[in-house]
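Just so we're clear, the structure is a prediction, and the values are computed from it rather than from any experiment. The residues of the chain are indexed from 1 along the displayed sequence.
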Amino acid sequence: MANMSSISINKRADDQFKKLTRTEDGRKGPTEYEVRADAISAKIARLKELRLARDAAVAAVAPPPVKKAGKA
């Protein structure tokens, strides 16, 4: 009976150790997936700013006068 007890204690200790090391691994830095996602988000934001600036510049330019048809 003492043998089963020590096995369960060892298993519990191993599980806690694995959980602790997984937590520490997560604190080392972002994963490759997170780095890529951040890069894509930054690129999307930059492109959106450029598009909005382009649209504002086009809207600021007065449209050319419309020629009336019928006069020759």
The reported gap from NZ in Lys43 to CG in Asp38 (rounded to nearest 0.5 angstrom) is 15.0 Å
Donor-acceptor check, side chain of Glu34 to backbone of Thr31, threshold 3.5 angstrom: yes or no?
yes
Side chains of Arg51 and Asp55 in contact at under 4.5 Å (non-hydrogen atoms):
yes
Do Ile9 and Arg12 have side-chain heavy atoms sitting under 4.5 Å apart?
yes
Residues which pass side-chain hydrogen bond (donor to acceptor under 3.5 Å, both in side chains) with Glu49, listed by chain and number, not counting sequence neighbours
none
